[in-house]
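Computed from heavy atoms alone, side chains included, the values below leave out hydrogens, waters and symmetry copies.
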Amino acid sequence: MGHLRIRSRHQPHEVAVLAAAAVCGVLMMTLDVRPLSVQTSMPLPIQVAWELGLIAVGLGGLLGILWPGRLSTGLGLELASVLVLGTITGMYAGALVVMSGRQSIAATSFVAAVTVGSLWRAGQIAVDLRRLARAYEAVSCVQLEAGVT
């Protein structure tokens with residue numbers, strides 16, 4: 001069996017974005033403040049779900065990165081978080097464009113970059129989980145052939 005390569009789970013940009021997502025979600029909920037584009041383009045229940053999503057994504061992603069147990073569990077938590085992060089930042093980018101048009105080019109570009117980066121990281125994690133599963137199967141087969149349980 002060849003060398004098993006799992007991409008680092010401690011990527012500074014990802015950690016910073018996940019931490020910022022949780023902080024932003026908490027601040028918006030506690031201060032009852034939302035961006036005008038979100039207030040105008042999303043119904044109130046969606047706004048609350050968006051804020052809760054930011055909190056869950058941030059905390060869940062950081063938990064996955066710092067998970068002390070099985071690598072696959074940590075990667076699974078991280079995968080779920082970055083997929084949801086990509087979705088909710090995409091929602092926000094859409095709200096920015098719809099409400100502000102060309103005036104929001106700079107903000108939309110940065111938010112869309114978070115969306116793309118999140119989905120890219122999700123792809124990396126999916127590949128890593130497949131590699132990990134194949135390695136586990138290979139080790140299990142070798143143990144079975146050797147009579148080790």
Side-chain angles (χ1 to χ4, degrees), residues 1-39 41-42 45-143:
M1 186 174 107
H3 178 70
L4 177 62
R5 179 177 173 260
I6 302 293
R7 288 170 192 84
S8 172
R9 294 168 47 203
H10 301 282
Q11 299 184 13
H13 287 90
E14 179 185 6
V15 171
V17 169
L18 291 169
V23 169
C24 286
V26 167
L27 288 174
M28 284 190 285
M29 289 202 94
T30 57
L31 300 175
D32 196 29
V33 178
R34 293 171 188 91
L36 183 60
S37 57
V38 169
Q39 288 178 345
S41 65
M42 296 179 197
I46 301 297
Q47 293 175 36
V48 172
W50 182 69
E51 293 164 355
L52 290 172
L54 284 171
I55 296 167
V57 158
L59 297 178
L62 293 173
L63 178 64
I65 290 170
L66 300 173
W67 190 257
R70 292 181 66 167
L71 176 62
S72 59
T73 303
L75 285 172
L77 286 168
E78 187 181 355
L79 174 61
S81 293
V82 294
L83 279 173
V84 175
L85 179 63
T87 302
I88 61 178
T89 55
M91 285 174 57
Y92 183 49
L96 280 170
V97 168
V98 167
M99 298 311 301
S100 302
R102 292 183 349 169
Q103 294 177 342
S104 71
I105 283 178
T108 302
S109 297
F110 276 96
V111 174
V114 171
T115 301
V116 170
S118 298
L119 298 177
W120 187 330
R121 179 65 182 138
Q124 287 180 332
I125 295 169
V127 168
D128 289 345
L129 283 170
R130 264 189 251 123
R131 287 179 180 158
L132 192 59
R134 277 193 234 126
Y136 179 77
E137 287 173 6
V139 169
S140 296
C141 289
V142 169
Q143 286 178 341

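- With contacts defined as side-chain heavy-atom distances shorter than 4.5 Å, the pair Tyr136/Ser72 does not qualify.
- Distance check, rounded to the nearest 0.5 Å: CG of Leu66 to CG of Leu77 gives 11.0 Å.
- One finds the CG atom of Leu63 at 8.0 Å from the OG atom of Ser81 (value rounded to the nearest 0.5 Å).
- Closest approach of Leu79 and Ala122 over heavy atoms only: CD1-O, 3.4 Å.
- In this structure the side chain of Leu18 never reaches within 4.5 angstrom of the side chain of Glu78, judged on heavy atoms.
- By the side chain to side chain contact (heavy atoms under 4.5 Å, CB included) test, Val17 pairs with Leu85, Val114, sequence neighbours left out.
- Considering OG1 of Thr108 and OH of Tyr92, their distance stands at 8.0 Å, rounded to 0.5 Å.
- The list of ring pair (Phe, Tyr, Trp, His ring centres under 6.0 Å) pairs with a residue in residues 95-126, not counting sequence neighbours, is empty.
- Contact of the Met29 side chain with the Arg34 side chain is not registered, since no non-hydrogen atoms from C-beta on lie closer than 4.5 Å.
- Between Ala22 and Gly58 the shortest heavy-atom distance is CB-CA, 4.0 Å.
- For the atom pair Leu27 CG and Leu54 CG, the distance stands at 11.0 Å (nearest 0.5 Å).
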Side chain to side chain contact (heavy atoms under 4.5 Å, CB included) between Ile125 and Val82, intermediate numbers included = CA-CA 10 Å; Ile125 295 169; Val82 294; 4.1 Å; yes
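- With hydrogens and angles ignored, the 3.5 Å screen pairs a side-chain donor or acceptor of Thr115 with a backbone N or O of Val111.
- Annotation: side chain of Met28 is in contact with side chain of Pro35 (closest heavy-atom distance under 4.5 Å).
- With sequence neighbours left out, the side-chain hydrogen bond (donor to acceptor under 3.5 Å, both in side chains) criterion links Ser41 to no other residue.
- Under a 3.5 Å cut-off, the side chain of Ser104 and the backbone N or O of Gly101 do form a donor-acceptor pair.
- In this structure, Val26 and Glu51 have side chains that are not in contact, with every pair of non-hydrogen atoms separated by 4.5 Å or more.
- Note: Glu14 CD to Leu62 CG = 8.5 Å, rounded to the nearest 0.5 Å.
- When all heavy atoms of Ala112 and Ala93 are compared, the closest pair comes out as N-CB, 4.4 Å.
- Between atom CH2 of residue Trp50 and atom CD1 of residue Ile55 there is a gap of 11.0 Å, rounded to the nearest 0.5 Å.
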